[in-house]
Every structure is written in structure tokens, then in C-alpha cells.
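So that the names make sense, note that chain A is the first sequence line, chain B the second, and so on, each numbered from 1.
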There are 2 protein chains.
Amino acid sequence: MSKCEQCIVREFSSLKALNKNELLKLANCKSSYTIKKGEPIFSEGEKIQGIFCIKDGVCKMTKLSENGNEQIVKLIAKGELLGQRSLISEEPVNLGAVALEDMEVCFIPKAEVMGFFNENNEFSMNVMRTICGDLKSADDHLVNMAQKSVKQRLAELLLYLHDKFGTNEDKSLKIKLSREEMAGIIGTATESCIRLLSEFKKKGVIEISGKKIILADIAGLKSV
Amino acid sequence: MSKCEQCIVREFSSLKALNKNELLKLANCKSSYTIKKGEPIFSEGEKIQGIFCIKDGVCKMTKLSENGNEQIVKLIAKGELLGQRSLISEEPVNLGAVALEDMEVCFIPKAEVMGFFNENNEFSMNVMRTICGDLKSADDHLVNMAQKSVKQRLAELLLYLHDKFGTNEDKSLKIKLSREEMAGIIGTATESCIRLLSEFKKKGVIEISGKKIILADIAGLKSV
DNA sequence: TAGTATACATGACAATTATCATATTTTATT
DNA sequence: AATAAAATATGATAATTGTCATGTATACTA
């Protein structure tokens with residue numbers, strides 16, 4: 001059983017408020033998983049019995065729309081926690097989580113988290129601030145969806161992926177998404193997404209070779 | 001100074017967890033306002049120093065998009081609280097609030113709310129559950145915006161207004177929104193909104209006379 | 001009550017986006 | 001390596017939505 005003290009999740013999440021003793025308890029109750037690319041961590045509507053720490057890898061949070069399309073509501077990187085809202089609301093999760101890469105996650109049972117929550121005020125305030133931040137992001141996201149064109153949303157997505165997940169040595173985006181997934185994020189048809197990527201490529205603001213995408217002209221993308 | 005014990009806001013919000021003593025403190029520190037239709041309660045980016053109880057009237061929560069359009073993110077009815085997220089995040093409000101009708105609101109200073117928050121666990125859990133509920137709604141809303149047509153969004157808006165605000169004796173919707181405001185909610189151009197309302201009217205699913213709208217065929221609207 | 005501003009409505013047209021068809025390329029499997 | 005399956009790409013076309021112009025109705029103000 002590995003210690004939680006040095007874990008990246010602790011560094012970047014609400015868990016940073018936990019003290020030595022609490023971290024020890026955490027290390028004792030957690031269970032570690034590996035999740036293969038494409039597999040779910042949990043599914044929409046599931047009643048999860050705790051929260052998940054993302055130690056490594058990236059996952060998408062999805063929701064099936066009434067017309068059967070999969071909308072990707074957000075992307076979660078390593079260091080973040082999943083399932084906090086569901087825990088507090090005591091409701092099934094409203095979004096599904098699916099691995100976009102091979103992942104390492106830890107599961108912390110509900111009882112343990114609620115224990116920290118009730119006894120460690122800084123931890124509970126961290127959780128709340130995280131959820132408040134998520135709410136603000138969701139409102140901003142909504143306005144973008146409602147007010148911007150598909151082209152603008154795609155340009156912003158590329159910039160977002162660049163900022164959030166970074167680039168490889170050859171400047172290509174580290175995170176690899178299928179065209180279908182990109183379409184699912186910006187809420188458009190896969191063909192439209194492909195067409196716009198081709199258009200960006202033709203204009204020279206991006207370079208594409210297979211799944212590799214390089215943002216060649218960031219200023220140009222910003223001004224779309 | 002009126003008592004808070006019988007207030008509708010107490011009945012429907014997180015405040016229902018307050019005890020007699022806390023309600024008395026609340027009644028002593030609150031200040032009441034009336035706000036005329038069209039006036040703001042607060043504006044986007046403002047640092048508010050407490051939360052607002054909506055005793056009467058309806059307001060819209062808005063955000064200016066980069067292209068200068070006003071997106072209406074949600075509608076708030078009497079009985080609800082405003083400013084909870086901002087209080088916990090200790091950030092300026094990310095949405096503005098503007099009265100759609102003459103309103104009666106009370107202001108509760110930050111210090112008082114935080115006092116309740118720290119000493120009354122049920123109250124703080126209520127606030128958190130409210131925010132979690134808002135987050136879930138925001139995600140759902142986002143998926144609707146991304147995946148549904150303008151026509152579908154308008155139909156759903158009408159059904160939502162019907163459910164949330166109810167109808168007058170003549171079955172017309174109680175809440176009166178301008179076409180521009182409806183367009184701002186569903187994220188479309190005012191002309192498109194007007195055109196679709198005309199189409200619904202022609203089809204017989206709604207009746208319009210001026211600002212009065214009657215949902216004549218609710219099943220028909222649901223199946224749009 | 002007249003005049004003016006604002007909201008509502010509709011036509012004409014352009015731009016955006018979706019859909020369907022069909023290649024082509026890439027990836028996975030045997 | 002051969003084959004099948006999936007992802008990417010592009011054309012053709014239709015449907016949706018936005019924009020601009022203009023007219024009409026309604027509400028507000030003097």
C-alpha cells in the first residue's frame with residue numbers, strides 16, 4: 001500500500017488540507033485501480049460509494065443527450081478528484097467518466113471522506129470552493145455554447161487543450177482526442193468538426209498529421 | 001423590522017435550518033429593499049458583501065458574452081437565495097441579477113451568514129446541496145444548449161416557464177418575458193425567436209396576444 | 001391625446017451547420 | 001501481411017439560423 005503523502009492528487013486537490021494522521025487513515029482505506037483507455041470509471045446514473053483520485057491519465061465526463069448523442073461536458077486531468085458533487089448531494093452521478101488514456105485512480109470510500117469533511121474545516125471549505133469553481137465554469141461554458149459559433153468553439157477548444165494538457169517536444173498537443181470526441185465537446189457533428197479543422201489547416205493556424213495537432217499560430221486561433 | 005420566521009424565503013431555502021435564536025439575529029441584521037422592474041440587484045463582477053433573499057418577484061441572472069450579447073443563464077423566483085456561490089468562493093459575482101418584475105428582497109451581511117455557516121451544520125449542508133443542485137442543473141442546461149435545436153429549446157423554455165412560474169386564471173403564463181429576453185435565454189437571435197413563436201402559434205400549440213402566451217397544446221410542445 | 005420610442009413581426013437573403021453519400025486513410029485483428 | 005473495421009476526409013445538398021431591411025403594433029412621455 002503506497003502512501004498518500006507524496007501523491008500528485010494531494011498536491012492539487014482539496015486533499016492538501018489533510019494532516020499526517022488523516023493521510024495515514026486515507027492510505028489505509030483507499031484502493032488503487034488501473035483503468036484502460038476507453039473504459040468507464042463510472043457511468044451516468046450510477047450510485048458511487050466514494051470519490052476517485054486521478055493519479056494519472058485523463059478522462060472525459062459525458063452525458064447522453066435525449067437524441068442519443070454523447071456530449072462531453074468536461075475533461076479531467078491528473079491531480080483532480082471525481083464524485084464530490086454526488087457525495088454531497090447524496091444522489092447518483094449525473095455524468096459518466098470514461099478514460100481517454102490508460103489511467104491510475106484511487107477510490108476513497110464515502111464514510112472516510114465524510115469523516116474528513118466533518119472534522120477538518122479546511123478540507124470541507126476546499127471541497128466547497130472546488131464545487132463553486134465548477135459551477136462558475138459551467139456557467140461560463142454555457143454562455144460560450146449559446147453565443148459562439150462552432151468555429152469559435154473549436155478554436156477555443158484547441159487553445160484550452162494546449163493550456164490544460166500542454167504539448168510534446170514537437171509542439172503537438174499532448175492530449176489526443178478523436179474528431180468525434182472534439183465534436184462531442186463543442187456540440188457539433190463530427191463532419192463539421194473535421195471540415196473546420198481542415199479549414200484551420202488550410203489557413204495555416206494549425207498543422208495536422210494523423211491525430212497529431214500543432215497550434216502553429218496561436219494568435220490567429222485566438223482571433224477566430 | 002419584520003420577523004424572518006414566517007418569510008417565504010425561509011420556507012424554501014437553506015435558511016429553513018435556522019433555529020429561533022438564529023432567526024432573531026437574522027431579523028436584526030437584515031435590510032429590506034424594493035427593486036423596480038428592470039433595475040439590477042447586483043452586476044456582473046461586483047463584490048457583494050452578503051446574500052440576498054428574494055421575498056417577491058422574479059429576476060434574471062445574466063452574463064455578457066464576448067460579442068456583446070446578453071445571455072440569460074437562469075431565472076430566480078421568490079423564495080430563493082442569491083449570492084451563495086460568491087460568498088463561499090470569496091470572489092466577485094460571475095452573473096448579474098436584474099429584476100423582471102418589481103421585487104422585494106432582503107440583504108443579509110456576509111459576516112452573519114458565515115456565522116450561521118460555521119455554527120449550524122444543517123444550514124451549511126443545505127447551502128452546499130443547493131450549490132451542488134445548481135451545478136447539476138448547469139450541466140444539464142449545457143447539454144441542452146449544445147445538442148438541441150433552437151426550436152426545441154424554445155419549446156422547452158415555454159414548458160419550463162409554465163412549470164416554474166405557473167399560469168393565470170386565463171391559463172396564460174404568469175411570467176412575462178420580452179421576445180428579446182426569451183431569445184437571450186435560449187441563445188438565439190430575437191428575430192428567430194419571434195419567428196418560431198409565430199410558427200408555434202400557426203401550428204396551434206400556443207396562443208399569443210401581446211405578451212400573453214397560452215400553452216394550448218402541452219403534449220404538442222413536448223413532442224417538438 | 002399626439003408624438004415618439006420601443007417591441008413585435010415578417011420578408012429577403014446570406015451564412016452556418018447538419019445530413020447523407022462516398023472515398024481514403026489509419027488502425028486493429030487474424 | 002492480408003483483411004476487416006474504424007476513423008478521417010470531402011462533396012453535394014438541405015435545413016437551420018442569423019442579418020438586414022422595413023413595416024406594424026404597443027407602450028411610454030410630454
Side-chain angles (χ1 to χ4, degrees), chain A residues 36-39 65-72 100-102 144-158 172-173 175-203 206-213 224, chain B residues 36-39 65-72 100-102 144-158 172-173 175-203 206-213 224:
Chain A
K36 289 236 169 301
K37 178 175 173 174
E39 286 179 356
S65 79
E66 286 169 36
N67 58 44
N69 275 23
E70 180 186 83
Q71 175 70 32
I72 298 178
L100 291 174
E101 311 166 343
D102 290 350
N144 280 341
M145 281 294 190
Q147 300 283 347
K148 293 190 177 166
S149 68
V150 174
K151 193 188 291 187
Q152 287 175 310
R153 302 205 299 265
L154 179 58
E156 289 190 357
L157 171 62
L158 293 171
S172 66
L173 295 180
I175 187 172
K176 297 270 192 312
L177 297 172
S178 70
R179 307 293 190 261
E180 191 179 3
E181 283 164 339
M182 292 194 202
I185 294 175
I186 62 182
T188 190
T190 306
E191 296 95 322
S192 299
C193 178
I194 291 172
R195 244 179 269 276
L196 289 169
L197 283 172
S198 301
E199 191 187 317
F200 285 169
K201 183 183 176 184
K202 208 174 288 174
K203 274 204 225 162
I206 66 174
E207 291 164 25
I208 306 179
S209 56
K211 273 209 165 29
K212 263 196 169 60
I213 298 181
V224 163
Chain B
K36 290 237 170 300
K37 177 177 174 172
E39 287 179 354
S65 78
E66 286 170 35
N67 60 44
N69 274 24
E70 180 186 81
Q71 174 71 32
I72 299 179
L100 291 173
E101 311 167 343
D102 290 351
N144 281 339
M145 281 295 190
Q147 299 283 347
K148 294 190 178 169
S149 68
V150 174
K151 193 188 289 185
Q152 287 175 311
R153 303 206 298 265
L154 179 59
E156 289 189 358
L157 171 61
L158 293 170
S172 66
L173 295 180
I175 187 172
K176 296 269 193 311
L177 297 173
S178 70
R179 305 295 189 259
E180 191 179 2
E181 283 164 338
M182 290 194 204
I185 294 174
I186 61 181
T188 191
T190 307
E191 296 95 324
S192 298
C193 179
I194 291 171
R195 242 180 270 278
L196 288 169
L197 283 172
S198 300
E199 191 186 318
F200 285 168
K201 182 182 175 184
K202 206 174 288 175
K203 273 205 228 161
I206 66 174
E207 291 164 26
I208 307 179
S209 56
K211 271 208 167 29
K212 264 198 168 61
I213 297 182
V224 163

Report the distance from atom [atom1] of [X] to atom [atom2] of [N], rounded to the nearest whole Å.
| X | N | atom1 | atom2 | value |
| --- | --- | --- | --- | --- |
| B/Asn67 | D/dT17 | CG | P | 17 Å |
| A/Leu177 | D/dT8 | CG | P | 10 Å |
| B/Lys212 | D/dA27 | NZ | C1' | 15 Å |
| A/Lys37 | D/dA6 | NZ | C1' | 13 Å |
| A/Ile206 | D/dT8 | CD1 | C1' | 13 Å |
| A/Leu100 | D/dA7 | CG | P | 14 Å |
| B/Asn69 | D/dT19 | CG | C1' | 12 Å |
| A/Gln152 | C/dA15 | CD | P | 16 Å |

Output the distance between atom [atom1] ([X]) and atom [atom2] ([Y]), rounded to the nearest 0.5 Å.
| X | Y | atom1 | atom2 | result |
| --- | --- | --- | --- | --- |
| A/Asn144 | B/Met145 | CG | CE | 12.0 Å |
| A/Ile206 | A/Ser172 | CD1 | OG | 12.5 Å |
| A/Ile186 | A/Glu181 | CD1 | CD | 12.5 Å |

Problem set entry | Nearest-nucleotide comparison on DNA chain D, the residue closer to the 5′ end among B/Ser192 and A/Lys211 |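 Taking each residue's closest nucleotide, the earlier one in sequence belongs to A/Lys211.
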Problem set entry | Flag if over 12 foreign heavy atoms under 6.0 Å of CD, A/Glu180 |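 Not more than 12 within 6.0 Å, no.
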Can you give me the N/O atom pairs linking the protein to nucleotides 9-16 of chain D at distances under 3.5 Å, or say none if there are none?
residue, atom, partner, partner atom, Å
D/dA9, OP2, A/Arg179, NE, 3.0
D/dA9, OP2, A/Arg179, NH2, 3.3
D/dT10, OP2, A/Ser198, OG, 2.8
D/dG11, N7, A/Arg195, NH1, 3.0
D/dG11, O6, A/Arg195, NH2, 2.9
D/dA12, N6, A/Arg195, NH2, 3.4

Problem set entry | Expected output: side-chain B/Arg179 to main-chain B/Ile194 donor-acceptor under 3.5 Å |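 No; judged by distance alone, with no hydrogens or angles, the pair does not exist.
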Exercise. When we call it a touch if two heavy atoms are under 4.0 Å apart, what does B/Thr188 touch: a base, just sugar-phosphate, or nothing?
Worked result: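 Since only primed, P, OP1 and OP2 atoms lie under 4.0 Å of B/Thr188, the category is sugar-phosphate.
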Problem set entry | Candidates A/Gln71, A/Glu66, A/Glu70 - the one meeting side-chain hydrogen bond (donor to acceptor under 3.5 Å, both in side chains) with B/Gln147 |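 Testing each of A/Gln71, A/Glu66, A/Glu70 against B/Gln147, the sole residue satisfying side-chain hydrogen bond (donor to acceptor under 3.5 Å, both in side chains) is A/Gln71.
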